[in-house]
2 protein chains.
Amino acid sequence: MPRIGLDRTTLLQTATELADAEGLNAVTLASLAQKLNIRSPSLYNHVNGLPDLLRQMALHGLTLLSSALSREVAGKTGDDAVRALCRAYLAFARAHPGLYEAIQRAPDEGDEAMQKAGGEVVGQVVAVVSEYGLQGDAALHAVRVIRSLLHGFVSLERQGGFGLPLDLDVTFRLMVETFLAGVKTIRNGEWRL
Amino acid sequence: MPRIGLDRTTLLQTATELADAEGLNAVTLASLAQKLNIRSPSLYNHVNGLPDLLRQMALHGLTLLSSALSREVAGKTGDDAVRALCRAYLAFARAHPGLYEAIQRAPDEGDEAMQKAGGEVVGQVVAVVSEYGLQGDAALHAVRVIRSLLHGFVSLERQGGFGLPLDLDVTFRLMVETFLAGVKTIRNGEWRL
DNA sequence: TTATAAAGCTAACGACATTAGTTATCCAAA
DNA sequence: TTTGGATAACTAATGTCGTTAGCTTTATAA
């Protein structure tokens with residue numbers, strides 16, 4: 001019975017590799033244990049069952065995403081900040097498809113750690129939008145729109161929803177520019193709901 | 001052994017009710033069989049296992065969605081057609097959250113029926129966009145952007161990703177108007193990628 | 001050197017999907 | 001009206017997975 005010396009970090013890293021390589025559905029206690037050369041009940045010494053494992057993966061992913069966004073946006077303002085944010089979001093989702101899936105699982109009600117981790121990602125978007133001339137509710141709506149844009153594109157790309165052989169990066173840039181142009185129009189008050 | 005006389009329609013309907021009420025994860029052969037007062041192996045007389053059930057639910061959902069879009073868009077053109085399409089998409093996703101989840105499952109490679117059913121939904125969007133002054137690749141990009149918008153919003157709303165007590169319908173309308181304004185700017189050639 | 005906490009293990013249970021083989025029902029043809 | 005076949009239900013059994021309970025060994029600190 002050689003003792004592996006497994007710790008939370010390598011556990012999460014291994015689970016992440018599994019998810020990114022074969023999809024989140026491939027992450028089971030059985031498959032993770034096998035990859036770690038361990039029997040699945042032993043995992044309960046580190047994790048409180050499968051739901052807790054998935055939750056910790058989501059937390060880990062949100063932390064990574066938040067810091068990636070913060071890093072790429074740093075020093076930029078206005079349109080450039082929005083572009084950098086969007087690029088970084090897309091890059092993260094492409095680099096960590098399984099982790100990205102984990103992030104999308106709806107958290108339990110009253111899970112403060114998840115709320116906080118998610119709030120930090122949203123905070124990056126808020127920061128970018130806030131110095132954009134949008135105030136109050138308008139800024140909050142804009143944040144929601146950006147999140148919808150990004151998540152929708154990433155999600156459709158990941159599931160292969162875009163069938164045609166048309167450059168996806170072009171679509172993505174076009175989407176961001178369309179948003180920027182639309183926001184300017186709206187900001188200038190040329191419309192009413 | 002009373003014979004139920006189960007047919008494909010009631011089977012799909014029951015599965016849909018289950019999915020819409022308790023989420024797609026709650027749709028198992030066991031739970032579906034229980035709801036039908038049947039033993040789960042009996043389901044194999046109607047369905048080729050759980051993956052096939054989920055696939056048929058997706059097909060059913062795509063058909064419903066496609067006809068809903070077609071119905072609501074009928075007779076409208078330009079901005080109004082886009083608005084009607086978006087409203088109908090959102091309404092469907094809200095009315096059938098479980099079925100909407102089923103639609104999002106990535107189809108197998110070479111599943112022609114799924115490709116076709118998905119293509120009909122995309123076709124509705126193409127039809128709306130095509131008479132919009134966008135031609136060729138630009139139209140295809142626009143279709144992708146609309147799909148991203150819609151799916152992203154629906155998906156975030158469904159998983160409770162929008163925490164704040166700010167009217168979601170307002171955000172949605174704002175998102176659509178932002179897109180319309182942005183597209184006009186882009187169509188007028190005021191930007192370059 | 002020894003006691004204790006922790007990290008691994010085996011055994012066992014329940015839920016689920018799935019397969020094989022059985023029986024009863026329905027319907028259509030004789 | 002009878003009969004035969006297709007079909008829709010069933011039971012039994014297997015394998016996988018998550019999970020719990022309880023045991024054993026290792027590492028570490030007293």
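Side chains included, hydrogens not; waters and symmetry mates left out as well; all remaining heavy atoms used. Since we're looking at a predicted model, the values are computed, not measured. Sequence lines set the chain letters: A, B, ... in the order given, protein chains first and strands last, and positions in each chain run from 1.
Rounded to whole angstrom, the span from the CG atom of A:N48 across to the C1' atom of C:dA7 amounts to 16 Å. The distance from atom CG of B:L11 to atom P of D:dA8 is 12 Å, rounded to the nearest whole Å. Spacing between atom CG of A:L29 and atom C1' of C:dG8 amounts to 16 Å, rounded to whole angstrom units. The distance between atom CG of A:L32 and atom C1' of D:dT16, rounded to the nearest whole Å, is 16 Å. Distance, A:L50 CG to D:dC17 C1': 10 Å, rounded to whole Å. Nucleotide D:dT16 holds its P atom 11 Å from the CD atom of A:Q34, rounded to whole Å. Straight-line distance from the CG atom of B:N25 to the C1' atom of D:dC17: 15 Å, rounded to whole Å. The CG-P distance, from A:L53 to D:dG18, rounds to 10 Å in whole Å.
Of the candidates C:dA17, D:dA8, D:dG18, D:dA8 carries the atom nearest the B:H46 side chain, counting heavy atoms from C-beta on. Closest to the A:R39 side chain, of the nucleotides D:dG18, C:dT18, C:dC9, is C:dC9. Each of C:dT18, D:dA9, D:dT19 was ranked by its minimum atom distance to the side chain of A:P51; first place goes to D:dT19. Distance from the side chain of B:P41 is smallest to C:dA20 among C:dA20, D:dT20, C:dA17. Distance from the side chain of A:S40 is smallest to D:dT19 among D:dC17, D:dT19, D:dA8. For A:Y44, the side-chain atoms get nearest to D:dT20 when compared with the rest of C:dT18, D:dT20, D:dC10.
The aromatic rings of B:F162 and B:F153 lie tilted to each other, with the angle between the two planes from 30° to 60°.
As judged by a 4.0 angstrom heavy-atom cut-off over every strand, B:S42 is placed among the base-contacting residues.
Within 6.0 Å of atom CD in A:Q115, more than 12 heavy atoms from other residues, nucleotides or ligands are found, so the atom counts as buried in its surroundings. No more than 12 heavy atoms of other residues, nucleotides or ligands lie within 6.0 Å of CZ in A:R8, so this atom counts as exposed by the packing criterion.
Between A:R173 and A:D167 no salt bridge is recorded (no basic side-chain N to carboxylate O distance below 4.0 Å).
In this structure, the separation between CZ on B:R94 and CD on B:E157 is 4.0 Å, given to the nearest 0.5 Å.
With hydrogens and angles ignored, a donor-acceptor pair under 3.5 angstrom links the side chain of B:N45 to the base of D:dA9.
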